[in-house]
Asker: 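Sharing a structure with you now.
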Amino acid sequence: MYDVLFHVRAQKAYDRLPPKVRRQITRAIESLRADPALARNVAPLPGAFEGLLRLRGGAGSVVVSVDRKERVVLVLALGPRGDIYKKGP
(Lines give C-alpha, C1' and ligand atoms only; values in the text may rest on other atoms or scores of the structure.)
Protein backbone atom coordinates (compact mmCIF):
# COMPACT_ATOMS: atom_id res chain seq x y z
CA MET A 1 0.00 0.00 0.00
CA TYR A 2 1.26 3.47 -0.90
CA ASP A 3 0.90 6.47 1.38
CA VAL A 4 -0.66 9.57 -0.21
CA LEU A 5 0.72 12.98 0.78
CA PHE A 6 -0.36 16.42 -0.44
CA HIS A 7 1.90 19.35 -1.27
CA VAL A 8 0.70 22.47 0.59
CA ARG A 9 -0.61 24.13 -2.61
CA ALA A 10 -2.38 20.95 -3.67
CA GLN A 11 -4.03 20.65 -0.26
CA LYS A 12 -5.29 24.24 -0.47
CA ALA A 13 -6.65 23.64 -3.97
CA TYR A 14 -8.31 20.41 -2.78
CA ASP A 15 -9.97 22.20 0.14
CA ARG A 16 -11.45 24.82 -2.24
CA LEU A 17 -13.05 22.26 -4.59
CA PRO A 18 -16.82 21.85 -4.70
CA PRO A 19 -17.94 18.74 -2.76
CA LYS A 20 -18.88 16.73 -5.89
CA VAL A 21 -15.52 17.33 -7.58
CA ARG A 22 -13.70 16.66 -4.29
CA ARG A 23 -15.38 13.24 -4.06
CA GLN A 24 -14.41 12.40 -7.65
CA ILE A 25 -10.80 13.42 -7.07
CA THR A 26 -10.67 11.55 -3.76
CA ARG A 27 -11.81 8.33 -5.48
CA ALA A 28 -9.19 8.81 -8.19
CA ILE A 29 -6.41 9.42 -5.66
CA GLU A 30 -7.49 6.42 -3.57
CA SER A 31 -7.13 4.22 -6.67
CA LEU A 32 -3.39 4.95 -6.55
CA ARG A 33 -2.92 3.54 -3.05
CA ALA A 34 -2.77 -0.14 -4.06
CA ASP A 35 -0.37 0.34 -6.98
CA PRO A 36 -0.09 3.53 -9.05
CA ALA A 37 1.07 1.56 -12.09
CA LEU A 38 -2.22 -0.37 -12.17
CA ALA A 39 -4.58 2.54 -11.55
CA ARG A 40 -6.98 3.56 -14.30
CA ASN A 41 -6.81 6.98 -16.00
CA VAL A 42 -3.12 7.42 -15.20
CA ALA A 43 -0.64 8.58 -17.83
CA PRO A 44 2.92 9.89 -17.79
CA LEU A 45 3.31 13.58 -18.56
CA PRO A 46 5.66 14.74 -21.34
CA GLY A 47 8.12 17.60 -21.66
CA ALA A 48 8.68 19.84 -18.65
CA PHE A 49 6.52 17.49 -16.56
CA GLU A 50 8.54 14.35 -17.40
CA GLY A 51 8.69 11.94 -14.48
CA LEU A 52 5.26 12.98 -13.20
CA LEU A 53 1.93 11.27 -13.72
CA ARG A 54 -1.46 12.70 -14.64
CA LEU A 55 -4.53 11.20 -13.04
CA ARG A 56 -8.03 12.09 -14.19
CA GLY A 57 -10.81 12.27 -11.66
CA GLY A 58 -14.15 13.43 -12.98
CA ALA A 59 -13.88 17.01 -14.21
CA GLY A 60 -10.43 17.46 -12.70
CA SER A 61 -6.88 16.29 -13.14
CA VAL A 62 -4.26 15.52 -10.54
CA VAL A 63 -0.49 15.70 -11.04
CA VAL A 64 1.43 13.27 -8.84
CA SER A 65 4.95 12.09 -8.24
CA VAL A 66 5.47 8.46 -7.23
CA ASP A 67 8.38 7.27 -5.09
CA ARG A 68 8.32 3.51 -5.55
CA LYS A 69 11.16 2.92 -3.11
CA GLU A 70 9.46 4.78 -0.23
CA ARG A 71 5.98 3.76 -1.48
CA VAL A 72 4.69 7.34 -1.43
CA VAL A 73 2.41 9.17 -3.86
CA LEU A 74 2.86 12.94 -3.60
CA VAL A 75 -0.03 15.03 -4.94
CA LEU A 76 1.62 18.11 -6.43
CA ALA A 77 -1.27 19.90 -8.12
CA LEU A 78 -4.95 19.44 -8.86
CA GLY A 79 -7.68 21.35 -10.58
CA PRO A 80 -9.78 21.59 -13.73
CA ARG A 81 -8.39 19.76 -16.74
CA GLY A 82 -6.27 22.08 -18.84
CA ASP A 83 -5.91 24.79 -16.20
CA ILE A 84 -3.72 22.58 -14.04
CA TYR A 85 -0.84 22.63 -16.56
CA LYS A 86 -0.74 26.42 -16.96
CA LYS A 87 0.80 27.06 -13.53
CA GLY A 88 2.88 23.90 -13.36
CA PRO A 89 3.33 21.70 -10.31
Side-chain angles (χ1 to χ4, degrees):
M1 206 54 131
Y2 282 71
D3 289 325
V4 177
L5 305 173
F6 281 78
H7 185 278
V8 173
R9 283 185 292 164
Q11 183 66 55
K12 287 180 182 178
Y14 178 82
D15 293 341
R16 287 190 306 262
L17 291 173
K20 181 180 178 182
V21 176
R22 190 177 316 145
R23 280 191 302 274
Q24 292 170 336
I25 296 236
T26 299
R27 272 190 244 120
I29 291 170
E30 286 297 317
S31 73
L32 296 173
R33 292 191 67 138
D35 187 350
L38 300 177
R40 294 174 18 138
N41 296 323
V42 174
L45 290 171
F49 301 103
E50 190 172 346
L52 302 177
L53 299 175
R54 182 263 310 144
L55 170 68
R56 287 195 178 157
S61 287
V62 182
V63 176
V64 299
S65 173
V66 177
D67 184 337
R68 296 190 193 292
K69 183 178 177 186
E70 298 293 324
R71 299 187 66 80
V72 171
V73 174
L74 178 61
V75 178
L76 299 171
L78 54 89
R81 291 185 196 171
D83 289 350
I84 192 170
Y85 308 107
K86 292 178 183 174
K87 294 180 185 176

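All values below were derived from every heavy atom in this structure, side-chain atoms included, with hydrogens, water molecules and symmetry-related copies excluded.
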Asker: Do you know the tightest heavy-atom contact between Pro36 and Tyr2?
Answerer: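 The pair with the smallest heavy-atom distance is CD-CE1, 3.4 Å.
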
Asker: Suppose the criterion is ring-ring contact (aromatic ring centres under 6.0 Å, His included): which pairs have a residue in residues 9-29, not counting sequence neighbours?
Answerer: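 Non-adjacent pairs meeting ring-ring contact (aromatic ring centres under 6.0 Å, His included): Phe6-Tyr14.
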
Asker: Can you see which heavy atom on Ala10 is nearest to which on Ala77, and at what distance?
Answerer: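 So the two residues come closest at CB-N, 4.0 Å.
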
Asker: Using the test side chain to side chain contact (heavy atoms under 4.5 Å, CB included), find all partners of Lys20 that sit at least two apart in sequence or belong to another chain.
Answerer: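 Counting only residues at least two positions away or on another chain, Lys20 forms a side chain to side chain contact (heavy atoms under 4.5 Å, CB included) with Arg23, Gln24.
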
Asker: Show the nearest heavy-atom pair for residues Leu52 and Ser65, with the distance to one decimal.
Answerer: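 That closest heavy-atom pairing would be CD2-CB, 3.8 Å.
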
Asker: Please round to the nearest 0.5 Å and tell me the distance separating atom CG of Leu55 and atom CG of Leu45.
Answerer: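 Here the interatomic distance stands at 10.5 Å.
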
Asker: Search all heavy atoms of Ala39 against all heavy atoms of Ser31 and return the closest pair with its distance.
Answerer: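 Nearest pair, atom of Ala39 first, then Ser31: CB-O, 3.7 Å.
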
Asker: Is the closest side-chain heavy-atom distance between Arg33 and Val73 below 4.5 Å?
Answerer: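 No. Closest side-chain heavy atoms not under 4.5 Å.
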
Asker: How close do Arg71 and Met1 get, heavy atom to heavy atom, and via which atoms?
Answerer: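 Smallest interatomic distance, heavy atoms only, reads NH2-N, 3.1 Å.
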
Asker: Take Val75 and Val62 through the side chain to side chain contact (heavy atoms under 4.5 Å, CB included) test and state the conclusion after the steps.
Answerer: CA-CA 7 Å; Val75 178; Val62 182; 3.7 Å; yes

Asker: Using 0.5 Å steps for rounding, measure from the CZ atom of Arg22 to the CZ atom of Arg16.
Answerer: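 With rounding to 0.5 Å, CZ (Arg22) is 11.0 Å from CZ (Arg16).
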
Asker: What is the distance from atom CD of Gln11 to atom CG of Leu78, rounded to the nearest 0.5 Å?
Answerer: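 Here the interatomic distance stands at 8.5 Å.
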
Asker: How long is the span from the CG atom in Leu5 to the CG atom in Leu76, to the nearest 0.5 Å?
Answerer: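 Atom-to-atom, Leu5:CG and Leu76:CG are 10.5 Å apart.
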
Asker: To the nearest 0.5 Å, what is the distance between CG on Leu53 and CG on Asn41?
Answerer: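 That separation rounds to 12.5 Å.
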
